[in-house]
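Quick notes on the structure that follows.
Not measured: the values here are computed from a predicted model. Side chains included, hydrogens not; waters and symmetry mates left out as well; all remaining heavy atoms used. Numbered from 1 within each chain, the chains take letters A, B, ... in sequence-line order.
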Amino acid sequence: MQNERKLKKLDDVTIAHIAAGEVIDSPRAVIKELVENSIDADSHFIKIYLYQGGLKRIEVIDDGRGISHESLPLAIERYATSKITDFKDIMHIKSYGFRGEALASISSVSKMDIVTRVKEEETGSILKTEGGIIKENTLSAYPGGTKISVSDLFYNLPAREKHMHTSRNSIADITSLIEHFAMCNPSIEFYLYNDDNLIFQHKSASDIDESIRSIIGSTLYSVMLKFQINTEKYKIYGFTTNPSLTRSNTEQISIFVNKRWIYSKSIINSIRDGYGTFIPSGRYPFTIIFIDLDPSLYDVNIHPAKKEIRFYDEQEIKNIVSDTIRKTLVAKSAMPDRSLNPIKNVRQIEKKGIKALPVQKEIESSEGAREYIVEQSHRLPRIKIIGQMLRLFIVGESEEGMVLVDQHAASERIRYEELMNNAQIHQQLLVPVILELSSKQVELLNKFHMEISDIGFDIAPIGDRKFIVRKSPVITGNIESKESIMAILEDLLHTGSINPSSLKRTVALKTVACHSAIRGGDLLTMETIESLIKKLYTLDLNYSCPHGRPVMVIIDKGKLERLFLRS
Amino acid sequence: MGDATPIMEQYFALRKENPDTILFFQVGDFFETFDEDARLVSRELEITLTSRQKNKNGEKIPLAGVPCSSVGYYINKLIKKGYKIAICEQVEDASVSKGIVKREITRIVTPGICVEENILENTRNNYTALAAELDGKISLSIVDVSTGEFFVKEYRNSDMDMLYDDIAKYSPSEIVAEESIHNSIKDGINRYGITLFIHKDERLFQEKNIEKGFDAIHKNINGVISDSVKRAIGGLAYYIFVTNPGILNSISEIRTIELKNFMQMDKNTISILGIIPYDDGDNDTLLRLIDRTTTKMGVRLLENWLLHPLIDRAEIENRQTGVEYLISERDMVNQLKSYLKGIYDIERIAARISTRVATPRGLVNLKKSLKNITLIKKLSEKFNKENNKIVTLISSLTTEHELTSLLEASIVDEPSSVIKDGNVIKAGYNKELESLKNIENNQLELIRNIEVKEQQRTGIKNLRIGYNTVFGYYIEISKSYVKHIPPDYVRKQTIANGERFITSELKEIEQRLSDAKERSISLEMEIYRNIIENVASHINEIKKNGKNIAEIDVLISLAEVSYENGYVKPVITTDGKMVIRDGRHPVIDKLMKGGFVPNNTDMDVEKNRIMILTGPNMAGKTTYMRQIALITVMAQVGSYVPAKYASIPIITSIFTRSGSRDNITKGESSFMSEMADIAYILKNADRGSLILLDEVGRGTSTFDGMSIAWAIVEYINNKSKCMAIVATHYHQLTEIALYTEGISNYHLAIKEDRENIIFLRKVVPGSTDKSYGIHVAILAKLPYEVIQRAKAILSKIEKVDISPISSKTTNRVTYTQMVLLPDNDNDIVKDIDAIDTDNITPIEALIRLKAIKDKIRGRNNNAK
């Protein structure tokens, strides 16, 4: 009884810390809150300066309405906001911030300075705070707008500070955040600097389309499909990619509800549904979608960082979204789009992490569409081998339907796996090959001599910049030509820096590319086919062949039947 | 000396020819210095001093040497200290010469005359200057041998200060002055406190040498020149001729520094305004701010543009068209920038080619640059009817297919750095070279076959033929098999787990290989020389391309900065009105990141040309003045400016005088030198000038200073008739505006907040009579008692009017004046204090009041 701990109400500072922790957990969160404030203040430009990625200092400068002398000290108090006056207002929220917590939270876990001036006042004010306590509140000259500096984030919460350093707070995340703000606020200019280097700049655009184009680049923009639908309650519009460009995760689906970037699993799912079988399962498109609706139709107060929302009539929205997406794809895919694989475009698009997987899709027009949709499968089902066809494919039957295997791709795949799994595979060259290397290559060779020997090369100097190759890594076959060895070496040395695992991979690729046992056009015996299929069972065919072509394709039993108009 | 060894004889002979240089004498792989040279070099470069035998008697001579491969580094250090170096190389192959190897001085390197790679600072020009005198006129010639630019200018005896100023502006690495003017130039430029190596060299001022020099270079001269200019040109050309004659081939057209074509700014102004850095630490300059160039040629040109703003409206607007185009065509800019990344400093490469010291890598860089220039040129296909400076520049680029193909075909993509290491000429370019290479390859194959053969012969499976640079070729046998070696194996080396042998067959092959190698290297050298000759014939096109690329680079830089910072295009006018709305100081604005308070400016050279600016220190007067000047400079360079709107009249010269201590040149602190500066300004200013005077008259007594300041302002207004901004602490000066047309008062607004003052940084019309000295002292944290005492004294001082005009003026403005008057006002205070307000009637109070007022009026009447 004596040791009973008494209940005590926590003091405000502590409350602030705790609450802050919910929302402010990283520089990114700070930036998000501050930028939202700037947008709500009707700014024409917003400049964000990061120092050491925001860990040292974050400055957000805008030319918005500013904060008056009177209001400034209040600004850092919890629940003080200019955006709502009572709870009813939340139902009609049009501004980003409304909880009145952001500045309070941020100031309580950092050293925050605010300089600001409203037009009506002759001078501006400076407010300096540390850990939520006001240290200085004076008048100052300032052109107009607000500048907020946040330094030493979490200096008073060591645990969180440590965590912050290890968590993934990359510049890329922050850049993506600002990009999203820029996308839905086309008339505002955004500037993002890290250590005084400009890393992102967005001048005002005439509309959202223009804005998006300047952010994602004209190349990607030109292959996006635009969609739009207006109903009584909703206005939905945006861009999405052609089915041949997909990603393995949902990171590139951006959803904006009333110009607020949010996460909504249900919308993501409904977009995915819209694609249906146009894209392989487990793959997702690159989509930017704007949903504008009356604020009373959803609740934004369910997540501390306002990251998620809840629609009151979720099913309705989901249906509309997936429907719109599907209709758009069908309409735009009236012609099979074979032309969409220009290599240079793909490379640029792949920078965004989207893989261009060639997927067969012959989709006829929406009139009684008969869809020959095929899918890439990931594991070889139990199949009964029927035979070889066209000297190119192995045909088989499985529970699901018809299985077609590309014999060359399969053999390459198998060989590749073998190479990757093998420790050392090298062959003594019948006649050693003499190579002449450039001085740079000589340097690299000397530097990575050990790694290159590990792969299976035996290279020794035999003159001035001349080398003799006595052994090289291959499985079988005749790679004795100078050219092929040179090609392998060149590839290795080309990047200028070699790491052992990619080394192996490169050699394997080159070897495999140089020769595989089974080529297209080879007539195969049953034994060969059986052994090939047997080896295939063990592999996960997720990655197709090393050159990106599919190894195996399954045509669904049902589809086959429909082809023949069987029901 | 007697009985000197042959090599020493050779050395001494060469030594005599070049008395005032350090002789670097090549011996094999080293450059050696002897005697006094060695002592000097050892001391300056901190290398070991040894000795070698100098004559047959066994006497020694001091020696200090450096390896040939790193000689550039050492040359660099020495010329930075002002020394000249004569490079003496072995000009024939040591293995084939009979007796001692022939040696010649191939070139002399001086601080200014230097084209060696890796020595010059890439981002600045490196000038050599010469000053000659004739009949009271002095001519100055300036050359940058690494780029070929050559200027001359003539000065009258009375314009010596301008001469010193120009010398200081160009900051040559060395200057040679004629005997008669040597000392005065030396003293004159000491004022500027810059390091400058000034030599005497009589040869350069002898008539026959001047003729020789002039002849060599006169083809580059257009128009008529005076005799004194001729002397300067000839003298400098002769200097180049005796130092490194090849350079003469790369000299461009000689230009007189036609100052009339550019805005004039003296060195003081440039330094005070912070346009370019003069010291290493200077980072907050205009140049740093707007430098987004990609090539070295670009940044040099940008510095040049900043020092020479244009004064022709059409030319300025022409540059603006380029900047405007680039701002709107973001894609074009990105493309251009990516191509520019692949363009090297071809101006300097060209200079090295013409002096025949270009390295293989230099040629490869030239090739890459030419390729990228072709790519840029291709962009012109995208222009439909565009017509702007960028289009013009890109169209003027020449593609040089022939040259590019030659370089592509002949030079290896990654050559060795020195030609004598081989591996420079591409395979297939020369038949004879190919056959030599084939011999090499054949021999190697023989070696390979031998390996197989010997393996079979000896039965030792792991017998290998190895190679290293020390021992050459060998047969390597591991320990266990050593017993089985055949008799014809000769042991060469023992290693940890085996032995290495050689056979006569192997030796033969080795010999053949080494012969082939040697021949191929000397053949490569010959081929290389021919290629250089060929390339040298294209020097002019290369340089022209270099110039155009530099301009494109600079315009891109201006466009990038303008775009990022939201600068606005200035309107260039001829109506003499300067109008700026929300102008900002470019450098400080950037530093303050949004906290800079912008200001307007309204001046008119006809009606409203002088601005008197008052306000306490630290309020922002200096910043405001400088921002107007910098905006003008930026506008006349062709850039956009930091403002919401700007209409700039063409300014032909900017003069500054700063009484405050920022950026003051060393050694100047006296009122005397301030007056000298003002004299210079008043002498040289004309209608098109902009004068910035910051706190003049500081160094003397108040009355003198104020009077002088007043007179100066009147002079500028009446005689010079140009725009001026005068920041002053003499509040009396604001009265000038009351009776003179064309002068306006402005001050920096301050807000008082109880004990504190807040600098609003806003420039507003009108004058202020408060200097807030005490407030500023509080901010500076002067001790409390000092502040209190100051306040007390201030309150006792009677405000006295010391304006030079009579009190007829209806505006009685009063000014603070630190003149102490007798302490007899206290009685009035006493009178007031004595009034017992609780106990007097209203009428008595009125009477008392009147009495006090009478007293005051009487006091004032007396003071008149």
Exercise for review: For the pair B/Lys437 and A/Glu436, find out whether any cationic side-chain nitrogen is under 4.0 Å from an anionic carboxylate oxygen.
Suggested key: no
Point to revise | Toward chain A, the part of B/Lys762 with a non-hydrogen atom under 4.5 Å | key: neither
Review point. Just wondering, are more than 12 heavy atoms of other shown residues or ligands nearer than 6.0 Å to CZ in B/Arg519?
Key: no
Exercise for review: Count the heavy atoms of every other residue, nucleotide or ligand shown that sit under 6.0 Å from CD of A/Glu70, and state whether that count exceeds 12.
Suggested key: no
Point to revise | Contact class of B/Glu564 relative to chain A, heavy atoms under 4.5 angstrom | key: both
Exercise for review: Side chain from CB out, backbone as N, CA, C, O: work out which of these in B/Ile465 comes under 4.5 Å of a heavy atom of chain A, or both, or neither.
Suggested key: both
Exercise for review: Might you point out which heavy atoms bring B/Val597 and A/Ala141 nearest each other, and give the distance in Å?
Suggested key: CG2-CB, 4.2 Å
Check your understanding: Is any residue of residues 116-126 of chain A within less than 4.5 Å of chain B by heavy atoms, and which ones?
Key -> A/Glu122, A/Thr123
Review point. In Å, rounded to the nearest 0.5 Å, how long is the span from CD1 of A/Ile434 to CD1 of B/Ile447?
Key: 7.5 Å
Review point. Does any heavy atom of chain A fall under 4.5 Å from the side chain of B/Leu444, the backbone, both, or neither of them?
Key: both
Exercise for review: For each of B/Met592, B/Glu451, B/Arg761, B/Glu440, tally heavy-atom pairs with chain A at distances under 4.5 Å, and name the one with the top tally.
Suggested key: B/Glu451
Study note, to complete from the structure: For B/Lys751 and A/Leu139 the tightest heavy-atom approach is CE-CD1, 4.3 Å
Point to revise | Between OH on residue A/Tyr142 and CG on residue B/Leu760, distance to nearest 0.5 Å | key: 15.0 Å
Check your understanding: Would A/Asp458 and B/Arg464 satisfy salt bridge (Lys or Arg N to Asp or Glu O under 4.0 Å), going step by step from the backbone distance to the final call?
Key -> CA-CA 12 Å; A/Asp458 175 351; B/Arg464 284 164 80 103; 3.0 Å; yes
**Study point:** Nearest non-hydrogen partners of A/Pro143 and B/Phe596, listed with the distance
**Key:** CG-O, 3.1 Å
Point to revise | Gap separating the NZ atom of A/Lys203 from the OH atom of B/Tyr563, nearest 0.5 angstrom | key: 5.5 Å
Check your understanding: Of the listed residues (A/Lys147, A/Glu189, A/Lys47, A/Gln201), which shares the most heavy-atom pairs with chain B below a 4.5 Å separation?
Key -> A/Gln201
Review point. Of the backbone (N, CA, C, O) and the side chain (C-beta and beyond), which part of A/Phe45 lies under 4.5 Å from a heavy atom of chain B, both, or neither?
Key: neither
Review point. Which pair of non-hydrogen atoms, one from A/Ile61 and one from B/Lys593, has the smallest distance, and what is that distance?
Key: CD1-O, 2.7 Å
Review point. Does any N or O in the side chain of B/Tyr473 come within less than 3.5 Å of the main-chain N or O of A/Ile462, such that one atom is a donor and the other an acceptor?
Key: yes
